[in-house]
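Data block below; observations after.
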Amino acid sequence: MTRIRGGLIDRGTSLSFTFDGKTYSGHPGDTLASALLANGVRLMGRSFKYHRPRGVFAAGSEEPNAMVELREGARREPNTRATVAELYEGLVAKSQNRVGPLSCDVLAVNDVLSPFFAAGFYYKTFMWPRAFWEKLYEPVIRRAAGLGQLSMQADPDDYDSGFLHCDLLVIGGGAAGLAAALTTGRAGARVVLADEDFRLGGRLLSERDPLGGIPAVDWIAGLEAELDSLPNVRILRRTTVFGAYDHGIYGAVARVADHLKTPGAQVRQSLWRITAKRTVLAAGATERHIPFADNDRPGIMLAGAMRSYANRWAVTPQAHAADPVAIFTNNDDGHRTALDLMAQEVPVLGVIDTRSDAPKLGDYTLFPDATVTGSKGRLGLTQIQITRAGQSTWVDCAALGVSGGWNPNVHLASHHRGRPVWDAATQSFLPGPGGPEGMHVAGAAAGRGQTGLALADGAKAAVAALAQIGMSASLPELPAPEATADTLTPCWHVPSKKRAWVDFQNDVTVKDIALAHQENMRPVEHLKRWTTLGMATDQGKTANVTALAVMAELSGKSIPETGTTIFRPPYTGVAISALGGGDSGDSFRPRRLTPTHSWAATRGAVFTEVGAWMRAQYYPQTGETHWRQTVDREAKAVRAGVGLCDVTTLGKIDVQGADATTFLNRVYANMMGTLRVGRVRYGLMLREDGFLYDDGTCARLAEDHYVVTTTTGNAGLVYRNLEFARQCLWPELDVHLISTTDAWAQIAVAGPNARSLLSRIVDDFDLSNDAFPFMACSTLTICNGLRARLFRISFSGELAYELAVPARYGNAVMQRLAEQGADLGVTPYGIEALSVLRIEKGHAAGAELNGQTTADMSGLGMMVSRKKDSIGVVMSRRDGLAQDSRRMVGLQPVEPTHTVTPGAHLFAQGDPQDMAHDQGWITSACYSPHVGSSIGLGFLLQGDNRMGEIVIAANPLAGETTQLRIVPSHFVDPEGERLRA
Amino acid sequence: MLIPHPLLGLRDAEEFVYLGDASLMQRPDPDSPTALTDFCDYVFLRDNPAGVHRELWFHEQGDRSWLVVTRNTLTHEILGAELATDAARPTVTQEPSA
Amino acid sequence: MPDLTPLTALGHDQPQSVTYGNLTMGDCPDLALASLALRRDAPVPLPFGLDLPGPGGYVASAEVAAIWTGPRQWMIEAKAKGCTDFAAQVKAQAPDAIVTEQTDGWAAFDITSPDGAAIGRLLEKLVNIDPGTVSPGTASRTSLHHMNVLLVRPDPCCLRIWVGRSFAGSLWHAVIGAAGRQAA
């Protein structure tokens with residue numbers, strides 16, 4: 001055990017957990033990483049490419065090494081950083097990217113073969129033979145060089161999403177962030193404070209310095225209590241703001257229940273979309289390391305992380321308390337780690353400082369002007385080599401803290417391509433211009449990381465941000481600890497013939513960067529893609545700036561000349577489930593139910609999705625073993641008796657106003673101005689480019705009142721286009737539009753007995769052919785006074801009506817019709833039979849109106865009026881469209897048992913079946929119980945002049961060809977006698 | 001993005017459907033002798049500037065207004081928004097002063 | 001009266017009600033709705049004495065309310081008239097206006113709580129509208145789980161959500177799901 005005294009852990013409670021099957025114990029307040037270290041476990045994983053043994057390197061979300069598979073079964077989550085996994089009772093974790101036990105990974109052979117795996121190896125080696133990549137190379141490489149593995153099971157947990165609005169969003173709950181939130185909170189402005197940690201305080205939690213004369217944690221607790229008491233302050237703990245988007249919109253993910261074994265009734269994570277008038281980015285800084293030979297052994301970590309483990313989690317990084325620890329640094333902050341460790345009675349063998357003028361801040365051995373040039377220890381550090389003035393010495397060392405300075409966390413400030421700017425004074429990139437609108441950067445993220453500076457900076461940033469939105473705030477009294485010495489002399493890496501890792505997660509070494517330089521992959525963008533530097537889960541948080549500096553050195557250029565590195569969202573990985581926001585399965589998207597859904601369900605309907613709608617597809621009856629039996633029965637029943645189908649889903653748009661007629665004349669290609677009150681007309685809508693895009697009916701209920709219907713799929717689009725025409729093209733017209741799709745349940749009553757059936761429910765309404773002929777419409781009442789609308793229109797080709805009633809009565813009316821029609825052979829039919837009936841009648845529908853066909857092609861060219869302007873009419877006359885000779889035809893197999901396959905293309909007999917000889921295609925097909933064979937509709941070159949001809953339908957996907965006879969598209973009642981009966 | 005709706009203030013862009021270049025409001029005269037060419041240009045040829053762009057947005061999840069939004073396509077800065085019905089009204093052309 | 005039994009948008013013969021913590025959710029099939037739009041240059045009517053509100057506004061009397069839905073366009077909402085021809089009644093009040101029946105075009109859901117702040121927290125999980133602006137006297141039309149909704153606040157303890165009737169089941173699922181999680 002390497003627990004020391006102090007720390008922000010609850011020693012009164014023990015939590016038991018397992019890692020690779022072995023049981024350990026930790027405390028509330030621990031992360032998995034701190035608890036493993038406390039149990040003397042330093043080896044936590046294997047590296048990506050070389051399978052090198054790796055231990056924990058950092059103490060926060062920047063961790064490149066210690067990634068584990070957390071939890072079991074369906075909840076298993078790969079690539080979880082042990083440094084941010086909050087410990088809970090019963091936690092189960094496994095190391096990943098290994099074959100065999102972690103201490104004896106078979107794929108460690110890759111390390112021996114490392115000369116073959118240098119940067120660019122894959123690109124050069126696996127180029128050919130080309131076919132080998134997909135079948136052989138890629139699967140093998142992915143198996144060997146992977147991170148964790150998915151459970152391959154559905155995620156059992158719930159997620160949700162939400163929206164927050166505030167005056168100021170504060171990102172980061174360290175010194176600067178807390179000061180900003182306090183300033184804003186006291187000013188009465190609405191503030192959201194988000195921090196990724198489970199405890200507020202940021203870096204303050206890792207330091208020993210008191211604040212305002214009391215321990216920092218007590219000072220934080222006092223401030224937190226005040227913030228909690230303010231109704232205008234919202235604190236989001238365990239919440240990572242992962243992305244900055246336009247106009248002050250930020251994405252954040254809250255890990256609501258990740259610290260629990262299972263979420264219970266809570267969601268596991270919440271996705272927040274935060275709209276903030278202003279933002280203070282107080283994301284802190286990430287320490288960088290100094291690459292040296294063999295610098296990747298477990299036990300070597302960032303000096304600041306070592307300090308965090310000692311101060312916050314009361315653990316030391318070596319396996320045995322008596323083992324010596326050393327610090328390797330180029331700056332004063334490294335020395336502070338040595339002092340803090342010594343205060344905890346950890347044996348510090350010395351501080352190796354690259355600077356010749358290195359200060360000695362305490363009672364430890366100082367090695368000035370010295371470097372670490374090597375390390376030993378197969379599964380954990382045992383020795384380091386210290387080199388000074390050409391003299392190298394191996395010394396026993398169980399843990400080494402490395403500090404190369406601190407990089408401000410500029411990530412969110414660069415999400416809008418704001419390029420960080422090199423600051424020579426701090427030897428780091430600071431947030432530059434072009435950052436997200438309204439963002440103020442404060443504290444360590446702005447290069448002002450010392451506690452006193454950061455506190456003051458956060459408060460000032462909040463005051464400035466609020467002033468921009470016209471709110472005044474005053475600076476609170478904050479502790480002002482004295483600034484400590486904080487100098488740094490750059491040292492970007494220790495040259496060596498051996499491998500010195502820059503990016504641990506992607507196994508990129510100084511040599512790989514040299515190779516990239518040699519291959520002329522020098523711009524940082526090329527460097528990244530050639531070496532994979534900065535990719536994967538950590539996105540190079542501990543590596544990018546160092547790599548850039550190494551490249552600068554190799555190029556003989558300065559760092560700013562070499563380039564800069566910017567970041568994209570997300571700051572840390574976000575689970576797809578969280579981005580989904582919780583809607584999955586049946587609630588993946590909203591569903592629209594028809595007014596007769598309940599009735600259809602009790603009749604055993606099979607439902608299918610049509611856009612957002614759930615529609616009855618067919619109504620199987622006892623004894624029917626195949627859907628075709630059901631559909632054939634339904635279609636025949638309509639032609640022989642009467643059928644009922646819910647057609648509510650067709651879009652309905654109420655068009656009213658003095659200029660309604662003029663308006664409709666302009667949006668329909670055919671003449672609508674001559675439509676009389678009480679009549680319905682079929683209408684075609686074109687796009688302005690001249691192609692057909694929707695069809696439907698237009699009913700004139702009164703002088704200045706029309707109801708337009710659209711296809712189900714285009715209801716929203718047609719409405720939008722009509723509003724475009726009304727508002728943008730002809731705002732001078734007095735016309736109003738409103739959707740009434742949901743208001744009216746609409747039921748098709750179709751078949752020779754339709755009139756008889758309807759006559760049983762209408763109140764004193766003359767349904768005779770003379771009084772209410774084909775294409776008539778009227779308002780009326782039914783069933784003793786229910787207001788209704790009746791349209792005599794037919795999609796099936798039979799005598800048919802569509803009856804509309806207020807939606808709440810739709811179910812009851814459907815039921816009443818079904819009861820009343822029992823002796824008339826009444827049959828409910830679904831959209832499969834609806835489709836069969838319309839193909840038999842040769843009505844164009846969605847498959848024909850696919851946006852690439854014209855009115856001429858559909859045989860409706862005569863409808864397009866040349867006497868008036870309408871949308872699309874001018875372009876419909878252009879040569880390319882007007883001269884297209886493809887026409888809609890009916891198709892029937894020469895051999896009646898053969899099938900017509902939609903999607904198949906049509907060729908003349910004897911022609912080669914290639915693009916050059918393509919004559920058309922089949923749009924719709926079905927088995928027609930009326931014809932007694934498969935039938936289809938399609939577009940064919942000169943189709944209208946080729947009746948009786950035999951063509952070949954080719955379906956190359958199935959290697960099939962079928963002989964089809966060209967027939968008129970009306971398979972039933974070509975004269976239209978039935979629908980006028 | 002947030003769209004400054006002239007009647008409703010800042011509204012999230014997710015409430016809107018984007019159409020594109022506001023020149024779509026200038027539908028050519030169908031009776032002109034050059035109508036076919038004019039419509040061809042109107043339908044197929046539009047500017048796609050890197051910079052300030054006047055464009056049409058439909059407040060589909062809101063008040064169903066079409067807006068003309070002036071937006072910098074490089075920075076997404078929004079310089080203004082007006083109701084299309086206002087933008088579409090013919091402007092009174094001033095006689096040039098002598 | 002027709003001899004037919006109407007169904008609520010949720011497919012029942014009676015309104016539903018669910019309580020989680022201090023939030024109670026239920027549908028309101030008795031509310032009637034009709035749209036009212038003004039013809040060009042027509043004077044603004046005062047249907048049922050209501051002073052039609054401006055953009056984003058909602059005004060209510062004891063029995064009737066007006067919701068701004070767009071330029072020169074409102075919804076008129078009335079209590080206890082769900083099964084009547086409410087559009088005809090509105091038309092009688094504003095004979096020159098364009099009136100369209102909308103009672104069954106939309107379905108209303110009331111979310112009530114003695115704690116108005118609890119309604120605000122629920123709103124955070126449902127719509128991208130600042131809950132502070134969904135206050136009595138305002139009407140907001142926006143999207144809720146990709147569904148178009150109209151939000152009004154008859155009083156601080158009640159939020160009313162109008163949604164296209166066919167979406168009622170999905171809206172109910174979204175609302176009670178969020179309320180259940182809030183109470184958890």
Side-chain angles (χ1 to χ4, degrees), chain A residues 158 160-165 190 231 264-267 270 272-273 275 582-583 586-587 589-595 597-598 612-613 648-649 654 656-659 704-705 733-734 736 738-745 781-787 805-813 815-816, chain C residues 1-9 11-12 29 33 35 37-41 69 71-73 82-83 85 88 98-107 117 121 123-133 144-147 164-171 173-174 177-178 180-181 183-184:
Chain A
D158 285 334
D160 74 356
S161 59
F163 309 88
L164 293 174
H165 297 79
R190 292 199 301 167
Q266 298 183 87
V267 292
S270 276
W272 289 107
R273 182 185 176 103
T275 306
D583 295 323
D586 282 351
S587 54
R589 62 174 183 176
R591 281 185 165 170
R592 303 178 76 176
L593 301 188
T594 65
H597 190 89
S598 298
W613 290 97
T648 305
T649 62
D654 215 63
Q656 294 193 58
D659 297 321
D704 62 352
H705 186 187
L733 297 183
D734 187 17
H736 286 270
I738 193 156
S739 167
T740 58
T741 304
D742 283 9
W744 298 88
T781 64
I782 64 165
C783 300
N784 297 318
L786 179 65
R787 60 196 181 283
V805 294
R808 67 182 60 199
Y809 292 102
N811 207 65
V813 169
Q815 191 169 348
R816 179 65 51 86
Chain C
M1 282 293 287
D3 51 350
L4 296 164
T5 310
L7 286 188
T8 67
H12 301 281
L33 199 67
S35 67
L38 301 185
R39 294 173 192 274
R40 174 168 310 284
D41 304 324
T69 51
R72 295 169 74 75
Q73 190 186 315
C83 284
D85 185 358
I98 290 169
V99 175
T100 302
E101 176 165 349
Q102 290 289 335
T103 297
D104 282 356
W106 297 72
R121 282 198 299 283
L123 268 176
E124 283 177 352
K125 291 289 186 183
L126 297 175
V127 293
N128 192 3
I129 296 275
D130 188 343
T133 65
L144 189 163
H145 284 215
H146 310 286
M147 294 172 275
R165 181 183 173 96
S166 59
F167 288 106
S170 288
L171 183 98
H173 169 83
R181 288 189 289 268

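Side chains are part of it too, since the values below use all heavy atoms of this structure and drop only hydrogens, waters and symmetry mates. Quantities reported herein were computed from a predicted structural model and do not represent experimental measurements. Chain naming here is simple, since letters A, B, ... match the order of the sequence lines and numbering starts at 1 in each.
- Contact of C/H173 with chain A is made through the side chain alone, with heavy-atom distances under 4.5 Å.
- Using a 4.5 Å cut-off between heavy atoms, A/D158 makes no contact with chain C at all.
- Your options are A/D160, A/D586, A/N811, A/D654, and the one with the most heavy-atom pairs under 4.5 Å with chain C is A/D160.
- With a 4.5 Å cut-off on non-hydrogen atoms, A/T275 touches chain C through its side chain but not through its backbone.
- Options A/P595, A/S739, A/G162, A/A743 differ in how many heavy-atom pairs under 4.5 Å they form with chain C, and the most are formed by A/A743.
- In terms of heavy-atom pairs under 4.5 angstrom with chain C, the leader among A/A807, A/A812, A/A265, A/G785 is A/A807.
- No side-chain heavy atom of C/E124 sits under 4.5 Å from any side-chain heavy atom of A/F163.
- Between C/R40 and A/L733 there is no side-chain heavy-atom pair separated by less than 4.5 Å.
- With hydrogens and angles ignored, the 3.5 Å screen pairs no side-chain donor or acceptor of A/H165 with any backbone N or O of C/P131.
- Expressed to the nearest 0.5 Å, how far CG of C/D130 lies from CZ of A/R190 amounts to 4.0 Å.
- Only the backbone of C/L126 comes within contact range of chain A, judged by heavy atoms closer than 4.5 Å.
- The contact between A/R591 and chain C is made by backbone and side chain atoms together, counting heavy-atom distances below 4.5 Å.
- Under the salt bridge (charged side-chain N to carboxylate O under 4.0 Å, His left out) criterion, C/D41 pairs with no residue at all, not counting sequence neighbours.
- Of all non-hydrogen atoms in A/H736 and C/R72, the two that sit nearest each other are CE1-O, 4.5 Å.
- Rounding to the nearest 0.5 Å places NE2 of A/H705 at 5.5 Å from OG1 of C/T100.
- A/L164 touches chain C through its side chain: at least one heavy atom from C-beta onward sits under 4.5 Å away, while N, CA, C and O do not.
- Atom-to-atom distance recorded for C/N128:CG and A/R273:CZ is 5.5 Å, nearest 0.5 angstrom.
- With a 4.5 Å cut-off on non-hydrogen atoms, A/S161 touches chain C through its backbone but not through its side chain.
- Crowding of C/H12 atom NE2: a count of heavy atoms from other residues, nucleotides or ligands under 6.0 Å exceeding 12.
- Put simply, the side chain of A/N784 never gets that close to the backbone of C/D3: no donor and acceptor are under 3.5 Å apart.
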Could you give me the CA-CA distance, side-chain angles and deciding distance for C/R39 and A/D704, then say whether side chain to side chain contact (heavy atoms under 4.5 Å, CB included) is met?
CA-CA 11 Å; C/R39 294 173 192 274; A/D704 62 352; 3.1 Å; yes
Take A/I738 and C/Q102 through the side chain to side chain contact (heavy atoms under 4.5 Å, CB included) test and state the conclusion after the steps.
CA-CA 9 Å; A/I738 193 156; C/Q102 290 289 335; 3.5 Å; yes
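- Contact of C/L38 with chain A is made through the backbone alone, with heavy-atom distances under 4.5 Å.
- Residue C/I129 touches chain A through its backbone alone, counting heavy-atom pairs closer than 4.5 Å.
- Interface remark: of the candidates A/G264, A/S587, A/P231, A/G810, A/S587 forms the most heavy-atom pairs closer than 4.5 Å to chain C.
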List the steps and the verdict of side chain to side chain contact (heavy atoms under 4.5 Å, CB included) for C/K125 and A/V267.
CA-CA 12 Å; C/K125 291 289 186 183; A/V267 292; 5.7 Å; no
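- Taking both residues in full, the closest heavy atoms of C/G11 and A/S598 are given as O-OG, 4.0 Å, listed atom of the first, atom of the second, then distance.
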